[in-house]
Student: 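What follows is a structure written as C-alpha cells; I'll ask about it next.
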6 protein chains.
Amino acid sequence: MKFNRVSNRSFNQLRDFEIIRNFTNQAAGSVFVKAGNTYVLCTATIVENVPDFVKKHVDCGWVTAEYSMLPSATKIRSNRESVYGRQTGRSQEIQRFIGRSIRSMFDLRLLGARTIHFDCDVIQADGGTRCASVTGSCVAAFDAVSYLLNNSLISKNPICNNIAAVSVGKSKKQLLLDMDYLEDCNCDVDMNVVMDSKGRFIEIQATGEKSLLSRDDINSMLDLAQEGISKLINIQKECFN
Amino acid sequence: MKFNRVSNRSFNQLRDFEIIRNFTNQAAGSVFVKAGNTYVLCTATIVENVPDFVKKHVDCGWVTAEYSMLPSATKIRSNRESVYGRQTGRSQEIQRFIGRSIRSMFDLRLLGARTIHFDCDVIQADGGTRCASVTGSCVAAFDAVSYLLNNSLISKNPICNNIAAVSVGKSKKQLLLDMDYLEDCNCDVDMNVVMDSKGRFIEIQATGEKSLLSRDDINSMLDLAQEGISKLINIQKECFN
Amino acid sequence: MKFNRVSNRSFNQLRDFEIIRNFTNQAAGSVFVKAGNTYVLCTATIVENVPDFVKKHVDCGWVTAEYSMLPSATKIRSNRESVYGRQTGRSQEIQRFIGRSIRSMFDLRLLGARTIHFDCDVIQADGGTRCASVTGSCVAAFDAVSYLLNNSLISKNPICNNIAAVSVGKSKKQLLLDMDYLEDCNCDVDMNVVMDSKGRFIEIQATGEKSLLSRDDINSMLDLAQEGISKLINIQKECFN
Amino acid sequence: MKFNRVSNRSFNQLRDFEIIRNFTNQAAGSVFVKAGNTYVLCTATIVENVPDFVKKHVDCGWVTAEYSMLPSATKIRSNRESVYGRQTGRSQEIQRFIGRSIRSMFDLRLLGARTIHFDCDVIQADGGTRCASVTGSCVAAFDAVSYLLNNSLISKNPICNNIAAVSVGKSKKQLLLDMDYLEDCNCDVDMNVVMDSKGRFIEIQATGEKSLLSRDDINSMLDLAQEGISKLINIQKECFN
Amino acid sequence: MKFNRVSNRSFNQLRDFEIIRNFTNQAAGSVFVKAGNTYVLCTATIVENVPDFVKKHVDCGWVTAEYSMLPSATKIRSNRESVYGRQTGRSQEIQRFIGRSIRSMFDLRLLGARTIHFDCDVIQADGGTRCASVTGSCVAAFDAVSYLLNNSLISKNPICNNIAAVSVGKSKKQLLLDMDYLEDCNCDVDMNVVMDSKGRFIEIQATGEKSLLSRDDINSMLDLAQEGISKLINIQKECFN
Amino acid sequence: MKFNRVSNRSFNQLRDFEIIRNFTNQAAGSVFVKAGNTYVLCTATIVENVPDFVKKHVDCGWVTAEYSMLPSATKIRSNRESVYGRQTGRSQEIQRFIGRSIRSMFDLRLLGARTIHFDCDVIQADGGTRCASVTGSCVAAFDAVSYLLNNSLISKNPICNNIAAVSVGKSKKQLLLDMDYLEDCNCDVDMNVVMDSKGRFIEIQATGEKSLLSRDDINSMLDLAQEGISKLINIQKECFN
C-alpha cells in the first residue's frame with residue numbers, strides 16, 4: 001500500500017486506544033479514554049429520578065448524554081458554551097448521537113425509575129471525539145450497572161449489548177480508519193458507525209458533503225468500520241480484566 | 001403482500017407528494033411541499049454577504065439552512081422556540097442535516113460572495129419533515145439560482161447535482177418507505193437517506209435505537225430508499241414543466 | 001379623487017381578503033388569511049390547562065396569542081427569533097395586542113379550565129399583519145369553539161362578539177384604508193383599530209410619531225376604520241357558508 | 001357628583017404631580033417624577049453614536065427609551081428581569097410607547113449623529129407608570145438639549161413640541177382621570193393618551209378588553225385626557241422656573 | 001498630613017452619609033442611602049416562601065440579595081442587564097457579598113419559613129456601592145423585622161448583629177477611607193470590610209491586583225476600616241431616633 | 001493536638017499536592033493539579049488579540065480566567081452550565097478571583113497585544129477548587145510565557161511574581177489548613193488567601209457568614225495561610241526541575 005498516513009498507521013489501523021477506569025471517584029462510572037491524542041472523560045452518574053415523559057411507564061428508567069469540549073481542547077481556543085449562553089448545534093447533534101447509542105445498550109424497564117447521565121467532556125480533541133465518547137461511555141455504563149447491582153438497587157442486569165464506535169473516511173480514493181483531525185479535515189466523505197459485539201449496527205452517519213458516495217463506497221466503509229469496532233470491543237473487554 | 005399500512009399504501013409507495021413553487025414572493029425561491037399531511041414551506045433567500053469563516057476564500061459563497069416547526073404543526077402543541085429562548089437539539093440536528101445536504105448540490109466557488117439561506121418551516125408535521133425539507137429546498141435552490149442567472153449576478157450555474165431525500169423504516173420485519181408519523185413512532189429502525197439523480201449518496205442517517213440493524217437490513221433499506229428517491233426526483237423535474 | 005394608490009385601490013378600498021379555513025388539520029381552528037400579499041396562518045389550539053394566575057378562578061379558561069414572522073416573509077430576510085434567542089419587542093407588542101383583542105370575544109367563565117392558544121405566523125408580510133392576525137384568529141376562534149361544542153366539552157357558547165381589525169393611515173393629507181407595506185412606510189400617522197360587529201371598539205392604537213394628529217384626524221380615521229371593519233366582518237360571515 | 005374615589009379626588013382631578021430635576025448628576029437630564037405614589041426616575045443620557053439603521057442618514061440622531069420596574073416597586077415583589085434573563089413583553093411594549101412618544105418631540109436631523117437614551121426606572125408603582133415616564137422624560141429631554149446647546153454640541157434646538165401623557169379609564173359608567181393602581185384594576189376600559197402643548201395627539205392606546213367602547217366613550221375619554229394633559233404641561237413649565 | 005483628597009476629606013474621613021428610611025412604601029423596609037454621590041435604594045421585601053434547599057429545615061427562613069445599577073448611574077451609560085440578557089459577573093459577585101453579609105445578621109431559624117429579599121439598586125454610582133448597599137440593607141433589615149414583629153408574624157427578633165461596611169484603599173503609600181470613584185480607579189490596593197457593632201468581622205475582600213499588600217498594610221487597613229465602620233454604625237443608630 | 005481530621009492530617013498539613021505539566025498539548029500551558037481529591041485542569045491559551053478596553057493602551061496585553069465544574073465533579077451531579085444557559089454566580093465570582101490573582105503576576109505592558117486565557121476546569125471537586133486553580137494556573141502561566149519567549153514572540157519575561165493560594169478555616173475553635181469538602185461544609189469561617197513567593201498578599205477573601213471573626217482569628221488564619229502557601233510555592237518550583 002503506497003499511501004502514507006502522517007501517523008505512519010496503515011489505512012485499517014486504529015490509533016493507540018487506552019481506557020482508564022475510575023479516573024474520578026464521584027460518578028458511578030468514570031472512564032478516561034485516549035484515542036491517540038483525543039482524550040475524553042466519560043462519566044456515568046446515577047440520579048434517582050426520570051424525566052416527565054418517562055414517568056408514565058412505571059419503573060422504567062432513562063439514559064441520556066451530554067457532550068462538551070473544554071475551550072482549550074482545540075488548537076484555536078473555542079468559546080466556552082456557558083459563557084456564550086448556549087450549546088452549539090454541533091454539541092447538541094453529537095450528544096443526541098451518543099444518547100441514542102448508549103440507550104440502545106439498555107433494557108430501560110430493568111433500570112428502575114432512575115436516570116443514568118453520561119457526560120462526555122472532551123479534554124483534548126484530535127478527531128473522532130464522538131466515537132471515543134461512545135466507546136468510553138459503554139465502559140462507564142458497565143461500571144455504573146455494577147454499582148447498581150452491587151448495592152442491590154437493581155436485581156437484573158439491564159445491559160443487553162456492548163457497543164463501540166469508529167469513524168471511517170475516504171480521502172483521494174483511499175479509505176482510512178479512525179481518522180485524526182488532519183485526516184478528517186482533508187477527507188471527502190466521512191462516516192461514523194456504532195456497532196455491538198455481535199456485528200449489528202446501532203448508528204450509521206455518513207456524510208458526503210464534499211464528494212458523493214457510491215454504493216460500493218458505503219459497503220467498503222462499513223466493512224472497514226466493522227473491522228475497527230471488533231478491535232475496540234476487544235480493548236473494552238481487556239480493561240475489565 | 002399481506003401487510004396493511006393505515007394509509008393503504010404498499011410498502012414501497014410514497015405518499016402523495018405535491019410541490020407548489022412561488023408560494024410566497026419575497027424570497028428568490030419559495031416552495032410549498034406536501035408529503036401526505038406533512039407540509040413544509042422551503043424558501044431560499046439570497047443575502048449579499050458571507051460568514052467570516054468563508055471570507056478568506058475570495059468570491060466563495062455559502063449555503064446554510066434553518067428548520068423550525070410551527071407550534072400548531074403537531075397534535076400536541078409544541079412550545080414556540082423563540083418564546084422558550086432557544087432552538088431544541090432536534091431542530092439543530094435537523095437543520096445541520098439539511099444544510100449539509102443542500103451544500104452538496106453547490107460548487108460554492110461559483111456562487112460569488114453571497115449566502116443562500118434555506119428556511120424550512122414545518123406548517124404541519126406528519127413524519128418525514130427533514131426529508132420533505134431537503135426535497136423542497138432542492139427545488140427552491142433551482143429557483144434561487146435562476147434568479148441569480150437571470151439577473152446576471154452569476155454567469156455560470158453553481159448547481160452540480162439535484163437531490164432528494166426519503167425515510168425508510170422497518171416495523172416487525174416489514175420495510176416501509178416514506179413513513180408517516182404513526183408508522184415512525186412504531187417502527188424499530190429508522191433511516192433517512194439523501195441521494196442525487198445519479199444514484200449517489202449524500203447523507204445516510206440510520207438509527208437502531210430500539211432494535212439493531214443487520215448488514216442485510218441496511219442493504220434492503222438502501223435499495224428501498226433509492227427506489228423512492230428516483231420517484232421524488234421525477235416529481236421535482238415535473239414541477240419545472 | 002385625484003390620489004392614486006400603487007395598487008389602484010380607492011382610498012377606502014380594502015385589499016382582496018381571502019379566508020381559507022381548515023388549512024391544517026392538527027389545530028381545532030386553522031385559518032389561512034390573505035390580505036393582498038400579506039399571508040398569515042392563524043391557528044387555535046386547545047390545551048386542557050390554564051396558567052397559574054387563572055387557576056384561582058374555578059372553571060375559568062384563558063385565551064392567549066403568539067405572533068411571529070417567518071424569516072423569509074420580508075424582502076430583507078429577518079433573523080429567526082429562536083436562533084437570536086428571544087422575541088423582538090415588536091413581536092411581543094403585537095402578540096399582546098392580538099391576545100387582548102381575541103380575549104375580548106370570550107366569556108372566559110364559559111370556557112372551562114382550558115386555554116386556547118392563538119398562533120399567528122406571518123408567511124408573507126406586506127403591511128397590516130397584526131390586523132390580519134386578529135381578523136383571521138376570530139374565524140379560528142369560531143372553529144375551535146365549534147369543536148368544543150361538538151365534542152360536548154362545553155355546553156354553552158363562550159363567544160360574545162365577533163371582531164375584525166384594520167389599519168388606517170394618513171399620507172400627505174390623504175386618508176388610506178388597509179395600507180400595504182409601502183404605504184405604511186410613507187404614511188405620517190398610523191392607526192390600528194379592532195371593532196366588533198355592533199360597531200363597538202376593542203382596541204385603538206394610534207401613533208403620530210412622524211406627524212401629530214388633530215382631533216379631526218382621529219374622527220375621520222375612526223370613520224374609515226369602521227367602514228373597513230364592517231366589510232371584513234361580512235367576509236368573515238361568508239366564509240362560514 | 002356622587003361618585004367617590006378612594007383618594008377623594010374628583011373624577012377629573014390629577015394626582016399630586018411633582019417633578020424633581022437634577023435628581024442624579026451623571027446623566028444630561030435626570031428627572032424624578034411623583035404622580036401620587038407612582039415614582040419614576042427618568043434620565044436622558046447622551047451617547048455619541050447612532051444605531052446602524054440611522055447611520056445612512058448623515059448627521060441624523062436617534063432617540064430611544066428603556067423601561068423597567070424595580071422588583072420592590074410593587075406590593076408583590078416582581079422578578080428582576082436581568083435575573084430572569086429577559087424583559088417581559090409588558091416592559092417592551094411600554095418602552096416602545098415611550099420611545100415613539102419622545103421621538104415625536106424631536107427633529108432628529110438637528111440632533112447630530114448621537115443618541116439620547118431615555119431610561120425610565122419605576123421606583124414605586126401605583127398605576128400610570130408609562131404616562132409618568134413620558135411626562136418626566138419630556139422634562140429630561142429639555143435638560144439634555146440644554147446641555148447640548150450650552151456645550152455648543154448643537155447649534156439649533158431640535159425639540160419641536162413638548163408633550164405629556166395621562167391615563168383615562170371608565171369604571172361602572174364613571175370616567176376617571178389619572179387612575180391609580182386600584183382604579184386601574186377595577187376599570188372596564190383603559191386609555192393612555194400622549195398629547196403636545198398645542199392639543200395634538202401623538203399616541204392613543206385604548207383597550208376595551210373587559211368591556212367594549214362606544215364612539216361616545218372615546219370622545220368623552222379624549223376630552224378628559226386633553227383636560228389632564230394641559231394641566232400636566234403647566235406643571236412641566238413651572239418646574240423650569 | 002500633606003496629602004490632599006479631591007473632596008478635601010482627611011484620609012480617615014467618611015463621605016457625608018445620609019439614610020432616608022421609608023423611601024418607598026411597598027416593601028417592608030425601604031432605605032435610600034447617600035454616601036457622598038453614591039445613591040443606593042435598599043429594600044427588604046418579605047415573601048412567604050423559601051427556596052427548595054431551605055425547605056428541609058422546618059420553619060427556617062432565608063435571606064438573599066440582588067444588586068443592580070441603573071444604566072444612567074455611571075458617567076458612561078452602562079447596558080441594562082435585562083436587555084443584554086443576563087447579569088454581569090460583577091453584579092453577581094457583589095450581590096453574593098451583600099447576601100452573605102446580611103445573612104450573618106440573622107438567626108434564620110427564628111425567621112419562619114419565609115424569605116427576605118434585599119434589593120440594592122444603585123441610582124448613582126461614585127464608588128463604594130457594595131458597601132453602601134450593605135450598610136443600607138442593614139437598616140432595611142431592622143425595618144422589615146419590625147414589620148414582622150408588629151404584625152405578630154414572628155415572636156422573637158431574629159437579628160443577632162447590626163453591621164456596616166466600608167472600603168479602604170491605598171494610593172501611593174497613602175491609606176484612604178471610603179474611596180470615591182476617582183480614588184478607587186487610582187488606588188493600588190482595595191479592601192472591602194464588613195463588621196458588626198462589636199468589632200467582629202463578617203467579610204474581608206482585599207485585592208492587590210495592581211500592587212501587592214504587606215502584612216503591615218493589611219493591619220493598617222483593617223484598623224482604618226474599623227474606625228470608619230464604628231462611625232457608620234452610629235449613623236445607623238441615629239436614623240432610628 | 002487532640003483534634004482529628006478525617007484525613008488524619010494535622011491542622012497545618014496540606015493535602016497531597018501533585019502538579020502534572022503538559023497534560024494536554026494544544027494549549028501553551030496545560031497543568032493538571034491534584035490537591036487531595038480535588039482535580040483541576042488549568043490551561044493557558046494564547047490568543048493574538050485583546051479586548052476593546054485594552055486596545056487603547058498600545059502593545060498592552062491582557063490576562064483573563066474562566067472557571068467551570070464538570071457536572072460529574074460533585075457527588076450530586078450539578079447542571080451543565082451551557083445546558084442551563086448561563087454560568088452560576090459562584091462560577092463567575094470564582095473566575096474573577098482567579099483572573100485578578102493571575103493578572104497580578106504580570107506586567108501586562110511586556111506581554112504585547114495578546115491575551116492569555118486561563119481555563120480552570122474542575123474534573124473532581126473536594127474543596128479548595130479556586131485555590132487549586134490559582135496555584136495550577138501560576139504554573140501554566142510560566143509554561144505559556146516560556147512558549148512566548150522560546151518563539152521570540154516577546155523579548156522580556158512579563159512575569160513579576162509567582163503565586164499560590166490556599167484556604168484556611170476554623171471549625172469549633174480549631175484552625176484548619178487546606179480544607180476538603182467535608183471540612184469546608186462544617187467550618188464556621190472560611191478564608192481564601194493568595195500570596196506571592198515573597199510573602200506578599202494578592203487576595204484575601206474571608207467570610208464569617210456562620211460565625212463572626214475576631215481580629216485574632218484573622219491574624220492566626222493569615223499565619224497559617226502563609227505557612228501553607230510557602231509549601232505550595234516549593235512544590236511549584238520542584239515541578240520545573
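None of these values were measured; they are calculated from a predicted model. A, B, ... follow the sequence lines: proteins, then strands. Residue 1 opens every chain.
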Student: Please classify the contact of S214(A) with chain B as side chain, backbone, both or neither, using a heavy-atom distance under 4.5 Å.
Tutor: backbone
Student: A quick test of your reading: do over 12 heavy atoms of other residues, nucleotides or ligands sit less than 6.0 Å from OH of Y84(B)?
Tutor: no
Student: Heavy-atom cut-off 4.5 Å, strictly under: side chain, backbone, both or neither for D196(A) against chain B?
Tutor: side chain
Student: Where on D107(A) is there a heavy atom nearer than 4.5 Å to chain B: the side chain, the backbone, both, or neither?
Tutor: neither
Student: Which atoms of D216(B) come close to chain A, meaning under 4.5 Å heavy atom to heavy atom: side chain ones, backbone ones, both, or neither?
Tutor: neither
Student: If we define contacts as heavy-atom pairs under 4.5 Å, which of M105(B), Q226(B), M195(B), R103(B) has the most with chain A?
Tutor: R103(B)
Student: Between the side chains of R86(B) and E81(A), is the shortest nitrogen-to-carboxylate-oxygen separation below 4.0 Å, so that they form an ion pair?
Tutor: no
Student: Ignoring hydrogens, what is the shortest heavy-atom contact between E93(B) and E93(A)? Give both atom names and the distance.
Tutor: CG-CG, 4.0 Å
Student: Can you give me the closest heavy-atom contact between Q92(B) and Q87(A), atom names plus distance?
Tutor: NE2-O, 4.2 Å
Student: Select, from L213(B), I218(B), I94(B), the one with the greatest count of heavy-atom pairs under 4.5 Å involving chain A.
Tutor: L213(B)
Student: For N219(B), is there any backbone N or O sitting under 3.5 Å from a side-chain donor or acceptor partner on R215(A)?
Tutor: yes
Student: Where does N161(B) contact chain A at under 4.5 Å (heavy atoms): side chain, backbone, both or neither?
Tutor: side chain
Student: So which heavy atom on G208(A) is nearest to which on S104(B), and how close?
Tutor: O-CB, 4.2 Å
Student: Which distance, rounded to the nearest 0.5 Å, do you find between the CZ of R200(A) and the CG of D217(B)?
Tutor: 10.5 Å
Student: Using non-hydrogen atoms only, which part of T88(B) is less than 4.5 Å away from chain A: side chain, backbone, both, or neither?
Tutor: backbone
